[in-house]
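Heads up: the structure comes next, in structure tokens.
FYI, the numbering just counts along the sequence from 1. Worth saying up front: this structure is predicted, and the values here are computed from it rather than measured.
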Amino acid sequence: MHRRLIAAPAHGALPVVDLLPAPRRWLARLLRRSGAGLSLVARRLAGRTVRPVGPACELPTIEFHAVHSDAGAPEGALYVNGEFVGRIDVSRI
């Protein structure tokens with residue numbers, strides 16, 4: 001099976017050039033290796049990139065005031081990040 005490669009001349013009609021399977025495979029291999037080599041050179045020239053690290057995940061601050069005398073909070077008060085969330089009716093934790 002022969003593939004045809006169209007070569008563009010300076011002027012006039014386009015002649016058709018027949019390529020045999022062996023030279024076609026050789027040319028394909030050469031192009032693949034050239035591409036791989038250029039990719040390697042590009043990676044080396046670019047150097048290492050430092051990926052930005054996002055902010056650390058901060059856990060919420062949870063406060064529980066079991067006794068009324070703790071900072072003036074009502075008995076059983078539950079705070080998350082300084083905001084009153086609700087009340088927990090327990091005698092012990």
Please test V80 against T61 for side chain to side chain contact (heavy atoms under 4.5 Å, CB included), starting from the C-alpha separation and ending with a verdict.
CA-CA 6 Å; V80 176; T61 304; over 6 Å; no

Tell me whether W26 shares a hydrophobic cluster with L31, the cluster being built from Ile, Leu, Val, Met, Phe, Trp, Tyr side chains joined at under 4.5 Å.
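Linked, W26 and L31 end up in one cluster.
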
If you round to the nearest 0.5 Å, how far is CD of E83 from CG of L78?
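If we round to the nearest 0.5 Å, L78:CG and E83:CD are 12.0 Å apart.
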
Quick one: does S39's side chain have a donor or acceptor within less than 3.5 Å of a partner on G35's backbone?
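A pair under 3.5 Å: no.
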
For the residue pair P60 and N81, what are the closest heavy atoms and their distance?
CA-OD1, 3.4 Å

